[in-house]
Amino acid sequence: MWACGDNGNNVNGNEIGDDISSSSIENLPIESLPESSSSIDLPSSSTESSSSNAISSSSFASSSSSETPFVGDTTKVVYQLKPFEGPLANPHKGFTVPTGGTWVFDPSLLYGPYGANGNKAWDLVTYGSGYQQWNKLNPAKGVYDWTELDKLLDALEQHGMGYALRVLPYTPSHIAGNDTPTEKYDWTPDFVYEMGAKKTTATLQGKGYKAQVPVWDDPIYLQAAKDFGTALAAKYDGDPRIEYIDVRSFGEWGEWHASHLDGSEMPSAEIEMDMLKHYASVFKKTQLVLPSNGSGDVYTYALSLGITKRDDGFIGIPGRPDSLVRAYKANLPTIAENIAGYTTMLQYTDVVPGNYYKWTPDRWVSAIKTAHLTYYVLDQDSDGGERFYQDNKALADSMTHVIGYNFKIEEAELLTITGDKETKNALNITVKNSGVAPCFFDVYVMAEFVNSDGEVLSQLGETIKIAKGTFHDEDVRKFEFADFVPARQTNVAALPGVSVALSIYESEEAFKAGKKPTVRFDNDGLQENNKLLLKQ
């Protein structure tokens, strides 16, 4: 769903000038939607103005002629801009904690958002993440049960969050002895084996327990895995409740490795790439993800298909943040999880190999910035990040402004130019993406005139669409919202108590329906409805 966009050109002169940042080599494609006039059909009234000025046609074009500068008396309002204080959680980026089911939102769960412990880590959480069992979702050939997953997706949506989905075929975590029932750890559906797919016997390292494991390159197993991928896409491709889906077809925890079980082997790179090709053929909208241990040619091939990469060895293993830079350079969102839970990592000795690096604030910040992370697991321990957030609240709050995209208005001014036949209102804003990654979904930026109670009087100028994957980190863009008011109509901008509000929507339909914008600017003046009120 959050795949990268194509390059393009600006439309109808809404973007002013070139990219100020030297880090970007491409212009921002924007699309203009129908303009609405900021005027009210009332008897005309006079407004106080400054001395007459001829405004450069490169910035302001007359509605009747793009070649003739608009000339008239000019009034300028310059807005004071300050950064937003506190955590700034925005959609389709940021932090998550494990979200195994709807029970997370039950007040009886101490570490949930409504638990008695008052776990404030949830102030930072923008999406849920977790795994589902293949055999539960696909209990028989051609039979699928999405009931519990849909309940979880609905609950997350009601709380303004999406879900990152992993469907696991196997977990060695529950192998507790030689007599552990196979269904406890082998989550490949029984019908796959009934159709003739082979198993092998492996030994759990360090324990010596014997366990059954799928033969990962068995053709019957492979076809069943593809069939499930096809059904998953038919159900959820493009579902707005889904953030991304890991392709978890192989190995322990579906992580594309067999490192804990002697006697189990991963399939060839050709088979792995063929599975990625199949998933890419059935998922046209939802972002797909290659799990942590996909590497080498398989990683390269995944990027060519628009499949991004996650890494689960952050901070603990040297160089792991650097491994995601390839996905970032391919204009894809990057995803990470630490090597272990926060409290566990605090006990590490920094002796590598043989152990792992311990968690430190500097390493945490460096990992986010180096990998240009869009998504990050805040903590995977059972307390849902509570201990982490208690120890690192100020740092974690600050990094909500860094991870993923972060739109900050650096300059804003409103020019009212009164001519003989019409008046032009032109709001000019300079916006910087001060995060570490692009915005991987379309956004629609609106400007509106509002009264002292925040009620909308009219839209100012045209809606500006910014295509996904085009507003890169550190880019600076200038935009103009302009409209023209005939001389005999009252200009809303001149009415007492009128202010300008800016908002960012994920769709124009949401704006037209009067819904709250979902994305917030990183500026002081945010209202309860998520709109930014510009202050003089």
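Residue numbers run from 1 in the order of the sequence given.
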Task: Verdict with reasoning, Asp381 to Arg387, per salt bridge (Lys or Arg N to Asp or Glu O under 4.0 Å) - done: CA-CA 9 Å; Asp381 280 342; Arg387 167 74 186 279; over 6 Å; no
Look only at the side chain of [X] and the backbone of [Y], and say whether a donor-acceptor pair between them is shorter than 3.5 Å.
{"X": "Gln132", "Y": "Leu149", "answer": "no"}
{"X": "His159", "Y": "Ala155", "answer": "yes"}
{"X": "Asn331", "Y": "Gly469", "answer": "yes"}
{"X": "Lys432", "Y": "Asp475", "answer": "no"}
{"X": "Asn523", "Y": "Leu81", "answer": "no"}

Open item on the list: Just checking Lys120: does its NZ atom have more than 12 heavy atoms from other residues, nucleotides or ligands closer to it than 6.0 angstrom?
Closed with: no
Task: Over 12 foreign heavy atoms within 6.0 Å of CD, Gln133 - done: yes
Just by distance, with hydrogens left out, do [X] and [Y] show a side-chain donor and acceptor under 3.5 Å apart?
{"X": "Asp362", "Y": "Thr360", "answer": "no"}
{"X": "Lys93", "Y": "Thr374", "answer": "no"}
{"X": "Asp522", "Y": "Ser434", "answer": "no"}
{"X": "Asp227", "Y": "Gln223", "answer": "yes"}
{"X": "Tyr389", "Y": "Asp123", "answer": "no"}
{"X": "Asn338", "Y": "Gln380", "answer": "no"}

Closest heavy-atom contact between [X] and [Y]?
{"X": "Val213", "Y": "Ala202", "answer": "CG2-CB, 3.7 Å"}
{"X": "Ser292", "Y": "Asp312", "answer": "OG-N, 3.0 Å"}
{"X": "Arg320", "Y": "Ser323", "answer": "O-OG, 2.6 Å"}
{"X": "Thr96", "Y": "Val125", "answer": "CA-CG1, 4.2 Å"}

At what distance, to the nearest 0.5 angstrom, does [atom1] of [X] lie from [atom2] of [Y]?
{"X": "Trp256", "Y": "Leu290", "atom1": "CH2", "atom2": "CG", "answer": "5.5 Å"}
{"X": "Thr400", "Y": "Phe84", "atom1": "OG1", "atom2": "CZ", "answer": "8.5 Å"}
{"X": "Asp150", "Y": "Arg241", "atom1": "CG", "atom2": "CZ", "answer": "4.5 Å"}
{"X": "Asn293", "Y": "Trp253", "atom1": "CG", "atom2": "CH2", "answer": "10.0 Å"}

Taking the six-membered ring for Trp, are [X] and [Y] parallel (under 30°), tilted (30 to 60°) or perpendicular (over 60°)?
{"X": "Tyr144", "Y": "Trp146", "result": "parallel"}
{"X": "Trp216", "Y": "Tyr170", "result": "perpendicular"}
{"X": "Phe105", "Y": "Trp122", "result": "tilted"}
{"X": "Tyr348", "Y": "Tyr356", "result": "tilted"}

- [ ] Begin from the C-alpha positions of Lys284 and Asp237 and carry the test salt bridge (Lys or Arg N to Asp or Glu O under 4.0 Å) through to its verdict.
- [x] CA-CA 7 Å; Lys284 304 297 186 181; Asp237 187 30; over 6 Å; no
Open item on the list: If the test is ring pair (Phe, Tyr, Trp, His ring centres under 6.0 Å), which one of Tyr375, Phe388, Trp364 qualifies with Phe95?
Closed with: Trp364
